[in-house]
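Since the structure comes first, as structure tokens, the remarks are kept for the end.
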Amino acid sequence: MASIKYNNTNGQKGKITYNSDIVSGIVVLSLQETEGIQLVPSKSKGIKLNFEKDGVFVDISVIVCYGYNVPEVAYRIQQTIKQMVESMTHYKIAKVDVHVQSVVFPEPKTEGESGANGQETAEGAQNDAADGQN
């Protein structure tokens, strides 16, 4: 369990304690908001947190979708995690390491798949017939 002491400026004293699962949940939430990635299918979801005096060290493993710029996606992951964790808790993010495990390619379309429920094929046939009459 990670804890942090937070003294309010108006004289109230107290201790705020965050479970490490809460910080991990915030990280998962920030990853779900990042476009072009998928979480690693594992129990830990590819997230490792280390709480040190310098701040929180975050180690993330993700899968990137084909067509996205990998360095740009990694930078967005770092910025989103830093912003969300620091705004929702009083922890400082010291470092976010992003590991790209793989790239997911889209499923290839078979010949029978064109349009939603074959509507595109029927419309195309009607247009072709109309063009032939002119």
Side-chain angles (χ1 to χ4, degrees):
M1 179 183 295
S3 64
I4 186 170
K5 291 182 181 178
Y6 176 67
N7 293 327
N8 204 346
T9 57
N10 62 5
Q12 294 178 351
K13 294 185 180 183
K15 180 179 176 184
I16 299 173
T17 304
Y18 297 102
N19 187 332
S20 61
D21 289 341
I22 291 177
V23 178
S24 180
I26 294 169
V27 170
V28 168
L29 180 65
S30 67
L31 290 173
Q32 289 172 344
E33 290 186 4
T34 305
E35 189 177 328
I37 64 165
Q38 296 177 4
L39 297 175
V40 174
S42 68
K43 184 177 179 181
S44 68
K45 296 185 181 0
I47 300 169
K48 295 178 187 170
L49 302 173
N50 291 321
F51 296 88
E52 304 288 333
K53 287 184 178 183
D54 298 339
V56 181
F57 291 83
V58 183
D59 197 37
I60 302 291
S61 296
V62 295
I63 299 169
V64 177
C65 298
Y66 177 77
Y68 286 89
N69 185 332
V70 175
E72 183 179 307
V73 169
Y75 179 75
R76 275 189 289 151
I77 289 170
Q78 291 172 328
Q79 294 304 310
T80 305
I81 289 173
K82 180 175 173 51
Q83 189 271 328
M84 288 186 77
V85 171
E86 289 182 354
S87 69
M88 292 184 183
T89 67
H90 293 285
Y91 287 117
K92 294 294 179 197
I93 299 295
K95 185 176 178 183
V96 178
D97 290 329
V98 179
H99 304 277
V100 177
Q101 294 295 319
S102 65
V103 175
V104 176
F105 294 94
E107 294 291 323
K109 290 185 179 181
T110 59
E111 288 183 28
E113 292 181 21
S114 63
N117 298 329
Q119 292 176 354
E120 186 175 307
T121 305
E123 290 173 6
Q126 289 174 352
N127 289 338
D128 290 341
D131 289 340
Q133 293 176 352
N134 292 335

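- I63 is not connected to V58 by any chain of hydrophobic side-chain contacts under 4.5 Å among Ile, Leu, Val, Met, Phe, Trp and Tyr, and they are in different clusters.
- Here the closest heavy-atom approach between residue A94 and residue D54 is recorded as CB-O, 3.8 Å.
- Here F105 is tied into one hydrophobic group with Y66, V103, each link being a pair of ILVMFWY side chains closer than 4.5 Å.
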Enumerate, atom names and distances included, each donor-acceptor pair closer than 3.5 Å involving a side-chain atom of residues 27-44, sequence neighbours excluded.
unit_1	atom_1	unit_2	atom_2	d
S30	OG	V27	O	2.7
T34	OG1	S30	O	3.0
E35	OE2	Y68	OH	3.0
S42	OG	K45	N	3.2
S42	OG	G46	N	3.4
S44	OG	G46	N	3.4

Side chains of residues 69-83: which donor-acceptor partners sit under 3.5 Å, not counting sequence neighbours?
unit_1	atom_1	unit_2	atom_2	d
Q78	NE2	V96	O	2.9
T80	OG1	R76	O	2.7
K82	NZ	E86	OE2	3.0

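- Judged as a side-chain contact (heavy atoms from CB on, under 4.5 Å), and not counting sequence neighbours, the contacts of K95 are F57, D97.
- Counting only residues at least two apart or in different chains, side chain to side chain donor-acceptor pair (under 3.5 Å) contacts with residues 98-108 comprise D59-H99, S61-Q101.
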